[in-house]
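Taking it in order: structure first as structure tokens, then the write-up.
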Number of protein chains: 2
Amino acid sequence: MTDTTIDRADADSLAPAVTRAALILDVMAESGAEPVGPSELARRLGLPKSSIANICGALADAGLVRRIGTGFALGRRIAELGGAYLASIDQVQEFYDLARRLPAGSEETVQLAILDGVEVTYLARHDGRQPVRLSSGIGRRLPAFSTATGKAALASLPTDELDRRLEGVTRLPQATPHAHASVDDLRRDLARIRDRGYAIDDEETMEGVVCYGVMIPSRQPGEGPCAASITLLKVRATDARVSVLLDDLEQLRAGLSDPLRRS
Amino acid sequence: MTDTTIDRADADSLAPAVTRAALILDVMAESGAEPVGPSELARRLGLPKSSIANICGALADAGLVRRIGTGFALGRRIAELGGAYLASIDQVQEFYDLARRLPAGSEETVQLAILDGVEVTYLARHDGRQPVRLSSGIGRRLPAFSTATGKAALASLPTDELDRRLEGVTRLPQATPHAHASVDDLRRDLARIRDRGYAIDDEETMEGVVCYGVMIPSRQPGEGPCAASITLLKVRATDARVSVLLDDLEQLRAGLSDPLRRS
DNA sequence: GCCGTCCGTTCAGTATGCTGGACGGGAAGG
DNA sequence: CCTTCCCGTCCAGCATACTGAACGGACGGC
């Protein structure tokens, strides 16, 4: 869990230094604020210490990492580039506008995520009034199997594409006992989702928290489908409340699917 | 403005490919969602086309950029890394908690930024009830001269450090006619801020919008000072309202300065 | 206080990634 | 339809970025 074990696919890249730099950034992302030195990076990646030091120096000059004493951690410019990526996706901007205007949903936690393989990356979040202390922030990756966004997106895939993605998957990570234990369970859930039109995460991600998600077709070429979700405490999820929240989700889907294009 | 003009400091880096990769990412950040091809990158950076293509290939394999047809744009993993950077700064997490609990401020737009040279980068934002359609999102960079956060942070610098940063600066970018026109104006404002204890951006960033900012010492080693601000429409900025908002800012400052450390 | 260990940095030789030119495909214009 | 231009990709020779070992310093333990 803690080790990125070995170098997966340092495979003959046409620009090895860049590939390695990306691996270094990944390690630093895992390490959080804790600075990582060249030696440790070299050990974890199985690469020469000198090369690592050179690459880290270049990354530091670029502002992508910062020196802390003699070690390194992610730098400010990473956040700036991340912001630029999010700003480039017009659905993100529209999401914020729309989420704020939802009659009921604006009170709750509303999220936008994009499917990538069998995981989802959260792109935007609207924090409502209700305090749901969920730790996942923007840029966070979670397994698609147990999240409303992930399941809504998976359910939208053509069956052959879905099969391809589930191919290598045997064991599903279970954050809570409510999460699906097997791929078969997941497939049955996906079928129900296709039928029903929306996905439910009933305490699968976190105890006491439920989540409703709908799929949103991505406008970005070369990107997977998106999904939006509304999260709330299970004790507050009365039938009446859920009903209006689902209406809001539908409204959100309509607004974000709308292929309006600025020239 | 649109061109990154030439290659500034391709200067003998110890890992040129990495330095170039960073420049490529910068160009893509400027280009937004518009894909950029190797030829255009080569032209804008003054670098060989083949090398660019190789580096872009490596970046794409790493997920840092994505292929759009035959061109490239920023990729999802950039956002993930940016999220990891933000998550690594504990002041960001605490900011969200505290901003939500501010008696008056929670209704308004509250932001957290960090000073970098003579610019600020926004690290976090709390959106209140009041719709202030300000475009600056997380990761956005703005000149420190005309923002409440930037001025609050600048005012906290030792004079020699301030002088060093203002050295090369001659002309200040003016987003609105209310922004400072000269460095001398700025210096006078900074003196008032030191006196007063907080900074005011009175329609300097956007017409009809005022902003109050306080400096927050950074806990991150090797990082500049931070600042928090509350933004609201000028028509709503009555003396009474501003007074309670300033109290909230003070509370925010106290909470974020507090050097509580988890082991 | 001494020594063993580990770290980050330096340096020269060499394998190797970078370069510039050539190739094939696509779109726009005549 | 043919031409022209421009783009992205491929390839071999050369310059150069990478490597591995050695160096000096900092800690921690025997």
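The analysis underlying the following values was restricted to heavy atoms, covering all of them including side chains, and did not include hydrogens, waters or symmetry mates. Lettering follows sequence order; numbering is per chain, from 1.
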Whole angstroms only, please: what is the CG-P distance between A/Leu47 and D/dG20?
10 Å
In whole angstrom, what separates B/Ile52's CD1 from C/dC18's P?
11 Å
Per-nucleotide protein contact string for nucleotides 5-12 of chain D (B base, S sugar-phosphate only, - none; heavy atom under 4.0 Å)
--SBBB--
What stem regions, each of at least 3 consecutive Watson-Crick or G-U pairs below 3.5 Å, can be found for DNA chain D?
C:2-28 with D:3-29
Salt bridge (Lys or Arg N to Asp or Glu O under 4.0 Å) partners of B/Arg165, counting only residues at least two apart
B/Glu161
List, one per line, each side-chain donor-acceptor pair under 3.5 Å for residues 147-157 of chain A, sequence neighbours excluded.
unit_1, atom_1, unit_2, atom_2, d
A/Thr147, OG1, A/Pro143, O, 3.3
A/Thr147, OG1, A/Gly150, N, 3.1
A/Thr149, OG1, A/Tyr122, OH, 3.1
A/Lys151, NZ, A/Asp189, OD2, 2.7
A/Lys151, NZ, A/Ile200, O, 2.7
A/Lys151, NZ, A/Glu204, OE1, 3.0
A/Lys151, NZ, A/Glu204, OE2, 2.8
A/Ser156, OG, A/Ala153, O, 2.6

Figure out the CD1/C1' separation between A/Ile24 and D/dC18, and round it to whole Å.
13 Å
State which residues pass side-chain hydrogen bond (donor to acceptor under 3.5 Å, both in side chains) with B/Ser146; sequence neighbours excluded, sorted by chain then number.
none
Lys/Arg N to Asp/Glu carboxylate O, A/Asp26 vs A/Arg44, below 4.0 Å
no
Less than 4.0 angstrom from a charged side-chain N to a carboxylate O is my criterion; do B/Glu40 and B/Lys49 meet it?
no
Holding to salt bridge (Lys or Arg N to Asp or Glu O under 4.0 Å), I want the full list of residues that pass it with A/Asp116, two or more places apart in sequence or in another chain.
A/Arg141, B/Arg76
Distance in angstrom units between A/Ile55 CD1 and C/dG8 C1', rounded
16 Å
For B/Ala60, does its backbone N or O pair with a side-chain atom of B/Arg66 as donor and acceptor, under 3.5 Å?
no
Treating A/Glu119 as the side-chain partner and A/Leu142 as the backbone partner, does any N or O pair qualify as donor plus acceptor under 3.5 Å?
no
